[in-house]
2 protein chains.
Amino acid sequence: MGAIVTLPLAENSRPMRVITVNVNGIRSAASKGLFTWLAGQNADVVCLQETKAQEHQLDKSLHYPAGYHVYYHDAEKKGYSGVALFCRRQPDRLIRGMGWPDFDGEGRYLQADFGDLSVASLYLPSGSSSEERQAVKFDMMARLMPQFKRLRQMQRDYIICGDWNIAHRNIDLKNWRGNQKNSGFLPEERAWLDELLGAAGWVDAFRVVNQEAEQYTWWSNRGQAWAKNVGWRIDYQMITPGLAGKVRGAAIYKDQRFSDHAPLTIDYDLPL
Amino acid sequence: MGAIVTLPLAENSRPMRVITVNVNGIRSAASKGLFTWLAGQNADVVCLQETKAQEHQLDKSLHYPAGYHVYYHDAEKKGYSGVALFCRRQPDRLIRGMGWPDFDGEGRYLQADFGDLSVASLYLPSGSSSEERQAVKFDMMARLMPQFKRLRQMQRDYIICGDWNIAHRNIDLKNWRGNQKNSGFLPEERAWLDELLGAAGWVDAFRVVNQEAEQYTWWSNRGQAWAKNVGWRIDYQMITPGLAGKVRGAAIYKDQRFSDHAPLTIDYDLPL
DNA sequence: CGTAGTATG
DNA sequence: CATACTACG
């Protein structure tokens, strides 16, 4: 038998894999196999939203996957919101929140820095439950825009992952016509993403490699939304332009259902 | 073929069947087949406790079994307590509560009169959740005793069915030794039943025909209580002495599980 | 542990 | 409709 020769890839050609998923309760998602699935994904960074737990309620054995540095940033209110990061490599720095007490108390932003790359888990408020919450969402959007513009001036690369709770274009949800007055597809919300992805210079990493319709990441639990694929694309990895050319592939995982959102995986041609 | 002759039973020899069951949520019990089972029982009166619903939340088709006059007496607080009566024959009179606003607002007593017989559904407070609730239970017991003594002076027969939340004797629960300091088997509670069944002259209908041990009607949901038959007999049909000789049979139904309590059926040699 | 209610999405 | 928390038992 001849010897099998494997050519090792150059260090900087192994892709960096980033997964983002709104888990709608990390304990629920865990019970549906999220961590088993993650163990096979070989992700470098995993960004979670809506953990709906406080760290003291979690199991060391279950919710702290082996081989990762695990960071939770919880809401003060029990069972509400919360984001997390699982990082293969130990970050040089961790940033919890935006420095805004109202936003930060809801556990909505967690950032890890690795050299000149930052990866963040963001959970934008939903506006669907009331007028008041829609006002909070608009307020957060207004405060976040200058922040995102500022980050673009830094000499750093950013990957801001998360549940942005806004579908961008008609192609990004099944019933765009019927949802123009609904939170998540309001003209002001779409214009905000237009600005982020236009004047502010950010890039929707998924769309770099995939321009197809019906690429949804969220389906309502009501009715037969999942079965009929009546979905929305509201989970994104937003990246600074220097990374755009390094998006190698993107995938939405629908074979299992861990929550009402599907995981979004993007591979980048980056060393990490 | 020869003619089949069936001898009709005399009117007053058909037994009257009374069933009592704490349903721990009538909607939950319904989903587990309570009403399907009841339809085959041919009961004359069914006494329910812990309906945990207000009448407007119930389905006419499901929670009002055909062939019965149905009466619910709900707690003011949603999802809490509540008793009900299903009566094959229309009662001459219906009595809601004891005339005590605190007790009656919790939906704990409902009585139907048929000629000189009264059948009631009673739900005595539980004392297990706090010292305060144990005090309420003791207070109710103190007020009920003179009431039950008064009823004994009436020229009527009474069947007071329900969840009395007290096991009477050592034989009436699995771990009597370990429960002597626990609500439901406190010395004061047992003494109260001693008085009811002694000086006050009431009769525990089940014990008229069954003196065996391990005749439980309730099992904790915690641990393996049901599987290990670690139960308590806390549901009774308490009757006036004139009915004692008419208890024909008694049964606790354990083949299906509608709630944490089992239905208690007693047949009486009474016309109704 | 299990049935409810409520908030939130 | 689904995941949480809370009350109550």
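Letters A, B, ... are given to chains in the order of the sequence lines, protein chains preceding strands, and every chain is numbered from 1.
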Legend entry - Stepwise ring-ring contact (aromatic ring centres under 6.0 Å, His included) test for B:Phe206 and B:Trp164: CA-CA 14 Å; B:Phe206 183 83; B:Trp164 295 65; over 10 Å; no
Inset, instruction - Determine, step by step, whether A:Trp37 and A:Tyr253 satisfy the ring-ring contact (aromatic ring centres under 6.0 Å, His included) criterion, reporting the C-alpha distance in whole Å, the side-chain angles of both residues, the deciding distance to 0.1 Å, and the verdict. - result: CA-CA 10 Å; A:Trp37 175 74; A:Tyr253 181 68; 4.6 Å; yes
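Listed by chain and residue number, A:Thr217, A:His261 satisfy the side-chain hydrogen bond (donor to acceptor under 3.5 Å, both in side chains) test with A:Asp235 (two or more places apart in sequence, or in another chain). For A:Asn179, the side-chain hydrogen bond (donor to acceptor under 3.5 Å, both in side chains) test picks out no residue, with sequence neighbours left out. With sequence neighbours left out, the side chain to side chain contact (heavy atoms under 4.5 Å, CB included) criterion links A:Thr36 to no other residue. Taking the ring pair (Phe, Tyr, Trp, His ring centres under 6.0 Å) definition, one finds that A:Tyr72 meets it with A:Tyr64, sequence neighbours left out. Applying the side-chain hydrogen bond (donor to acceptor under 3.5 Å, both in side chains) test to A:Ser128 and every residue at least two apart in sequence or in another chain returns A:Ser126. Partners of A:Arg207 under the side chain to side chain contact (heavy atoms under 4.5 Å, CB included) rule, at least two apart in sequence or in another chain, are A:Ile171, A:Asp172, A:Asp204, A:Asn210, A:Gln215, A:Arg233. By the side chain to side chain contact (heavy atoms under 4.5 Å, CB included) test, B:Ala120 is found to be paired with B:Tyr109, B:Gln111, B:Ile160, residues two or more places apart in sequence or in another chain being considered. With sequence neighbours left out, the side-chain hydrogen bond (donor to acceptor under 3.5 Å, both in side chains) criterion links B:Gln134 to B:Ser183, B:Glu189.
With DNA chain D read from its 5' end, the first of the two nearest nucleotides for A:Ala53 and A:Arg222 is the one closest to A:Arg222. Remark on DNA chain D: of its neighbouring residues A:Gly25 and A:Asn221, the 5'-side contact belongs to A:Asn221, judged by nearest-heavy-atom nucleotide.
C:dT8 atom C1' lies 6 Å from atom NZ of A:Lys52, rounded to whole Å. As rounded to whole Å, 18 Å separates atom C1' of C:dG5 from atom CD1 of B:Ile26. With rounding to whole Å, A:Glu50 atom CD is found 13 Å from C:dA7 atom C1'. Separating the CZ atom of B:Phe258 from the P atom of C:dT3 is a distance of 14 Å, rounded to the nearest angstrom. Rounded to an integer number of Å, the gap from CD1 of A:Ile234 to P of C:dG9 is 13 Å.
Using a 4.0 Å cutoff on non-hydrogen atoms, the parts of residues 70-85 of chain A near DNA chain D are A:Lys78, A:Gly79, ordered by number. Applying a 4.0 Å cut-off to non-hydrogen atoms, none of the residues of residues 161-169 of chain B approaches DNA chain D. Contact check of residues 123-137 of chain A against DNA chain D (heavy atom, cut-off under 4.0 Å) returns no residues at all.
Defined by atom type and a distance below 3.5 Å, a donor-acceptor pair is present between the side-chain atoms of A:Gln49 and A:Thr20. Side-chain contact of A:Gln54 with A:Asp74: a donor-acceptor pair under 3.5 Å is absent, judged by distance alone.
A 4.0 Å heavy-atom criterion places the boundary nucleotides of DNA chain D facing chain A at D:dC1 to D:dT6, written 5' to 3'.
Looking at A:Phe35 and A:Phe86, their side chains come closer than 4.5 Å, going by heavy atoms from C-beta outward.
In this structure, B:Gln57 reaches the sugar-phosphate backbone alone: every heavy-atom distance under 4.0 Å involves primed, P, OP1 or OP2 atoms, never a base.
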